[in-house]
Amino acid sequence: MGFFKKRTVNELGEKKQDMPEGLWTKCPSCSESLFEQTLARNLRVCTNCGYHFTISSGERIASLVDEGSFQEMDTNLDSVDALGFKGYVDKVKAYQNKTGLKEAVVTGRANIEGVPVLLAIMDFRFLGASMGSVVGEKITRAIEAATAEGKAVIVFSASGGARMHEGILSLMQMAKTSGALARHAEARLPYFSVLTHPTTGGVTASFATLGDVILAEPKCMIGFAGPRVVKETTHADLPPGFQTAEFMKQHGLVDMIVERKDMRSTLANLLKYTSKAK
């Protein structure tokens, strides 16, 4: 006969939460546990190994431009289901509610260390920053505004490629953005392209690789198709790290690899140099 009654798990009440969620983030590169506030202060770069986490368009803008100088453009543009793709409109609305963005790119006017510039920042959280009609239109309008105003344009790319929900309409954005950049170049105005993780597909095949200077964040993925598709197409063994920023710099596609903490000052120097060169 026992002296003590055995208690059940249900009698213990609710499980005590020893650690609130969202305080720590595990680095996918080195597996270090990072305090979220420390990670945010470090521009979401791992303090142990230097791994660059993806960041939102808002975080990117805050880390780049002079305080209070950003003025967003074309906030009323919205995607339409021109091809009747099942569930597309609902998916777009779901991502709008989830991210607080209207589309996968934010464009606007800003100053970087006092130099006026037109910016386009792609946000991977919105449908993988796939390039649909609105994305192409907003980037094109930003480039055209820069041309009309005699300013430089900077585009931060991060994309899974063309938006399959819009079919050929998505692919047409490659030509449209490239045409706008050609007119910008004819006006002898600078265009700086910054590649972040990941930059792939039609974005890589168009405006992302047309910069007068092409910068990239460390170890970001840059390519057109995925490694498996490339290997099956070429029937060749691929070299290690062939789709990384470091490989692309070694082979001439990327001009500079810039850590996030140095991006603002690097772009400011480029802007000041090219403005004097005119």
Side-chain angles (χ1 to χ4, degrees), residues 19-70 72 95-108 110-113 117 119-130 135 154-161 192-200 203-204 208 211 214-223 241 243-249 254 256-270:
M19 185 65 66
E21 293 184 5
L23 289 181
W24 296 88
T25 300
K26 187 175 182 180
C27 176
S29 177
C30 67
S31 299
E32 181 81 3
S33 293
L34 305 168
F35 188 44
E36 182 62 31
Q37 290 185 1
T38 302
L39 185 61
R41 284 196 298 268
N42 202 43
L43 301 178
R44 303 203 69 78
V45 176
C46 177
T47 54
N48 184 55
C49 70
Y51 174 82
H52 284 53
F53 288 78
T54 56
I55 61 175
S56 69
S57 53
E59 291 172 316
R60 179 83 64 185
I61 291 167
S63 71
L64 286 173
V65 308
D66 298 350
E67 187 175 354
S69 69
F70 184 73
E72 189 173 354
Y95 275 94
Q96 288 175 340
N97 293 331
K98 181 180 179 180
T99 63
L101 301 173
K102 197 75 171 178
E103 253 295 342
V105 66
V106 175
T107 58
N111 293 335
I112 298 179
E113 292 192 9
V117 66
L119 280 176
I121 313 283
M122 302 189 77
D123 197 315
F124 198 78
R125 298 175 302 155
F126 195 107
L127 264 175
S130 51
V135 170
I154 301 173
V155 178
F156 279 78
S157 298
S159 177
F192 305 123
S193 176
V194 185
L195 312 182
T196 68
H197 183 77
T199 300
T200 61
V203 170
T204 303
I214 301 177
L215 298 81
E217 289 190 332
K219 298 182 181 178
C220 69
M221 177 186 176
I222 304 167
Q243 286 187 324
T244 61
E246 288 71 16
F247 185 91
M248 297 299 175
K249 183 177 184 297
V254 170
M256 302 171 66
I257 295 176
V258 183
E259 293 189 19
R260 193 170 290 160
K261 65 182 177 61
D262 300 322
M263 189 64 72
R264 171 179 160 86
S265 60
T266 300
L267 288 172
N269 287 336
L270 287 171

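No hydrogens, no waters, no symmetry mates; every other heavy atom, side chains included, goes into these values.
We find the CD-CG distance between Glu113 and Leu64 to be 11.0 Å, quoted to the nearest 0.5 Å. Rounding to the nearest 0.5 Å gives a distance of 11.5 Å between OG of Ser57 and CG of Leu119. In this structure, the separation between CG on Leu23 and CG on Leu34 is 13.0 Å, given to the nearest 0.5 Å. Between the CE atom of Met248 and the SG atom of Cys220 there is a distance of 9.0 Å, given to the nearest 0.5 Å.
Using a 4.5 Å heavy-atom cutoff, the side chains of Met263 and Val194 are in contact. Between Lys219 and His52 there is no side-chain heavy-atom pair separated by less than 4.5 Å. You'll find the side chain of Leu215 reaches within 4.5 Å of the side chain of Leu270, heavy atoms only. The closest side-chain heavy-atom distance from Leu101 to Val106 is below 4.5 Å. Side-chain atoms of Arg264 and Ser63, non-hydrogen and from C-beta on, never get closer than 4.5 Å to each other. When side chains are defined from C-beta on, Leu195 counts as touching Val254, because their heavy atoms get closer than 4.5 Å. Residues Glu59 and Ile121 have side chains not in contact (no heavy-atom distance under 4.5 Å, counting atoms from C-beta outward). Taking the side chain as every heavy atom from C-beta outward, Ile154 and Ile112 approach each other to under 4.5 Å.
Between Arg60 and Glu217 there is a salt bridge, since at least one side-chain N of the basic residue sits less than 4.0 Å from a carboxylate O of the acidic one.
When all heavy atoms of Met221 and Thr200 are compared, the closest pair comes out as CE-CG2, 4.0 Å. Contact detail for Thr199 and Thr196: the closest heavy-atom pair is OG1-O, 2.8 Å. Between Ser130 and Ser159, the shortest heavy-atom contact is CA-OG, 3.9 Å.
Taking Tyr95 as the reference, Phe126 meet the ring-ring contact (aromatic ring centres under 6.0 Å, His included) condition, with sequence neighbours excluded. The ring-ring contact (aromatic ring centres under 6.0 Å, His included) search around Tyr51 returns Phe53, not counting sequence neighbours.
Screening residues 26-49 for salt bridge (Lys or Arg N to Asp or Glu O under 4.0 Å), with sequence neighbours left out, gives Glu36-Arg44.
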